[in-house]
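Sequence lines set the chain letters: A, B, ... in the order given, protein chains first and strands last, and positions in each chain run from 1.
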There are 2 protein chains.
Amino acid sequence: MRPELQKMKDKKQHIIETTLHLFAEKGFEGTSIREIAEKACVNVAMVNYYFGSKEKLFEKIIEYKSFTTRGILDEILNNQSLNAIQKIEEIIDTYVQKLFTHRTFHRLVHQELILNQREALQDSIVNNMIYPNSLIVKTVIERGIKSGEFKKVDPELTIASIVGTINQVLLSKKSCNKLMNKADDYIPYDDNKFKKRVSTHLKNLMHDHLLNK
Amino acid sequence: MRPELQKMKDKKQHIIETTLHLFAEKGFEGTSIREIAEKACVNVAMVNYYFGSKEKLFEKIIEYKSFTTRGILDEILNNQSLNAIQKIEEIIDTYVQKLFTHRTFHRLVHQELILNQREALQDSIVNNMIYPNSLIVKTVIERGIKSGEFKKVDPELTIASIVGTINQVLLSKKSCNKLMNKADDYIPYDDNKFKKRVSTHLKNLMHDHLLNK
DNA sequence: AAACTAATTAAACGTTTGTTTAATTTTAAA
DNA sequence: TTTAAAATTAAACAAACGTTTAATTAGTTT
């Protein structure tokens, strides 16, 4: 029973990965189960056999993928050897790294947030993914303000500026390339120099904005 | 023929407005023509009679709505009585005002950018809406740098920070309220105090980031 | 008032959708 | 090797989809 169960898990994961990319490219409603089955090389019925329904498959994707993206920020928050601005820098590096690497998943999450469908799923995204992370960053900023290391900024909107900048760049390859004066076929997200450029900009921005001078 | 044509135009506009909200809430594929017809109180066939197809209706919405959101930034750029940082402040006010007011439309645009469907439409959005505006802001920043009023920042990513911050807040009511510690039924986008808060934060951020001290 | 065009309708078109069924094959345990 | 459960399949399901048709009503022009 063991190796069989393993195979099933592989197949389930394979369907999840395939569907993630299809959903991110074409949207939930824009992707048919037959399309998923074809691209994942499984029978149409297998999707419902494994996941129950298209919507439950969606929820499984969010659940499965958000599990892999958690818990790194906590370490930064509690790292005693870093001062406030160093923590912010670490947070920026972490966000850039994570969001760039898992950009397909984050596109899907954004799609789901923008739409007013599937309220439970939206709640789960906000409460389990977005809010806990924001809270950690907010704590870092507020402690920095309290200790006098930071100016009295707007903590919540400062977070929005960090995450929003990255999201703006990840939004679409086409709009990113146009803004950056790159060729249409350039893939900025695989370019480490570009990643570095984004995190450098954000660190400069936060230095200017947060530090008392 | 005059009043009849007028009536038709009203009906077309009415369908456009109705569809805009449906598309923004449920997505293009998630909205059926029958739903549109019902909500707009017209016969199902009228949509195809007026617009030819669902996709052409989509293009008309983008075309119609982007026409109403153009040409304000040019005035700021060419206003001789403003210095560079004052122009940035005006740009921030304009962006906050415009994006908050037309947030339904901008959600739709973002959806379309995030998806890799309908390439022509995406091109049109990038080339006719996003790029021209970015170019103006970029020019303001670059002139500010040249004149010594601004530090040598990354112009493109500074734009991403301005627009990205606003978009982050506009992304979803739920995530915005959670981040801002507001009640679930609070509508931040209709609250002028919140609008003011966003533009104040952005002006502070840009002061810190751009100005030579 | 007649003639013509545009607007509107209900009904039907063929596809595609997500899902289910029932039969078959594969797999692991007895 | 038999047996029972799990995995896989092709086929079918009703419902919903975007779109078209053909008939009717409304409006304008002559």
Between [atom2] of [N] and [atom1] of [X], the distance in whole Å:
X       : N      : atom1 : atom2 : result
B:Asn48 : C:dT8  : CG    : P     : 15 Å
A:Lys26 : C:dT17 : NZ    : C1'   : 14 Å
A:Asp10 : C:dT27 : CG    : C1'   : 16 Å
B:Tyr50 : D:dT19 : OH    : C1'   : 17 Å

Contacts to DNA chain D from residues 18-25 of chain A, heavy-atom cutoff under 4.0 Å, which residues?
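Residues of residues 18-25 of chain A that come under 4.0 Å of DNA chain D do not exist, since none gets that close.
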Please report the interatomic distance [atom1]([X]) to [atom2]([Y]), rounded to the nearest 0.5 Å.
X        : Y        : atom1 : atom2 : value
B:Glu156 : A:Asn181 : CD    : CG    : 6.0 Å
A:Asn167 : B:Thr165 : CG    : OG1   : 10.5 Å
A:Asn116 : B:His21  : CG    : NE2   : 12.0 Å
B:Met206 : B:Ile141 : CE    : CD1   : 7.5 Å

Between B:Glu63 and B:Lys56, is there a salt bridge with N-O shorter than 4.0 Å?
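Here B:Lys56 does not pair with B:Glu63 in a salt bridge, since their nearest N and O are not under 4.0 Å apart.
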Between B:Glu35 and B:Lys26 (salt bridge meaning N to carboxylate O under 4.0 Å), is one present in this structure?
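Yes, charged N to carboxylate O under 4.0 Å.
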A:Lys203, NZ: over 12 other non-hydrogen atoms inside 6.0 angstrom:
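Result for NZ/A:Lys203: enclosed.
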Measure from NZ or CZ of B:Lys11 to the centre of the six-membered ring of B:Tyr50, then state whether that distance is under 6.0 Å and the direction lies within 45° of the axis.
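Here B:Lys11 fails the 6.0 Å and 45° test against B:Tyr50.
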May I ask you to establish whether A:Arg118 and A:Phe28 are in a cation-pi arrangement, using a distance under 6.0 Å from NZ or CZ to the six-membered ring centre and at most 45° from the ring axis?
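Yes.
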Is there a residue in residues 28-36 of chain A whose heavy atoms reach under 4.0 Å of DNA chain C, and which residues are they?
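Within residues 28-36 of chain A, the residues near DNA chain C are A:Thr31, A:Ser32, A:Ile33, A:Arg34.
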What are the residues of residues 51-62 of chain A, sorted by number, that bring a heavy atom to within less than 4.0 Å of DNA chain C?
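Result for residues 51-62 of chain A: A:Ser53, A:Lys54, sorted by number.
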Between protein and nucleic acid, restricted to nucleotides 22-24 of chain C and to nitrogen or oxygen atoms under 3.5 Å apart, what atom pairs and distances do you find?
none

In terms of ring plane angle, is the pair A:Phe100 and A:Tyr189 parallel, tilted or perpendicular, where the classes change at 30° and 60°?
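Judged by the thresholds at 30° and 60°, the geometry between A:Phe100 and A:Tyr189 is perpendicular.
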Sub-3.5 Å pairs of nitrogen or oxygen atoms, protein against nucleotides 9-11 of chain D:
unit_1, atom_1, unit_2, atom_2, d
D:dT9, OP2, A:Asn43, N, 3.4
D:dA10, OP2, A:Asn43, ND2, 3.4

Would you please name every residue forming a side-chain hydrogen bond (donor to acceptor under 3.5 Å, both in side chains) with A:Asp123, sequence neighbours left out?
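A:Asp123 satisfies side-chain hydrogen bond (donor to acceptor under 3.5 Å, both in side chains) with B:Lys174 only.
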I want to know whether B:His201 and A:His209 have ring centres closer than 6.0 Å.
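Yes, ring centres under 6.0 Å apart.
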Give me the atom names and distance for the closest heavy-atom approach of B:Ser199 to B:Asp93.
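Smallest interatomic distance, heavy atoms only, reads OG-OD1, 3.5 Å.
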Are the side chain of A:Arg143 and the backbone N or O of A:Ala84 linked by a donor-acceptor pair below 3.5 Å?
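No, A:Arg143 side chain to A:Ala84 backbone: no donor-acceptor pair under 3.5 Å.
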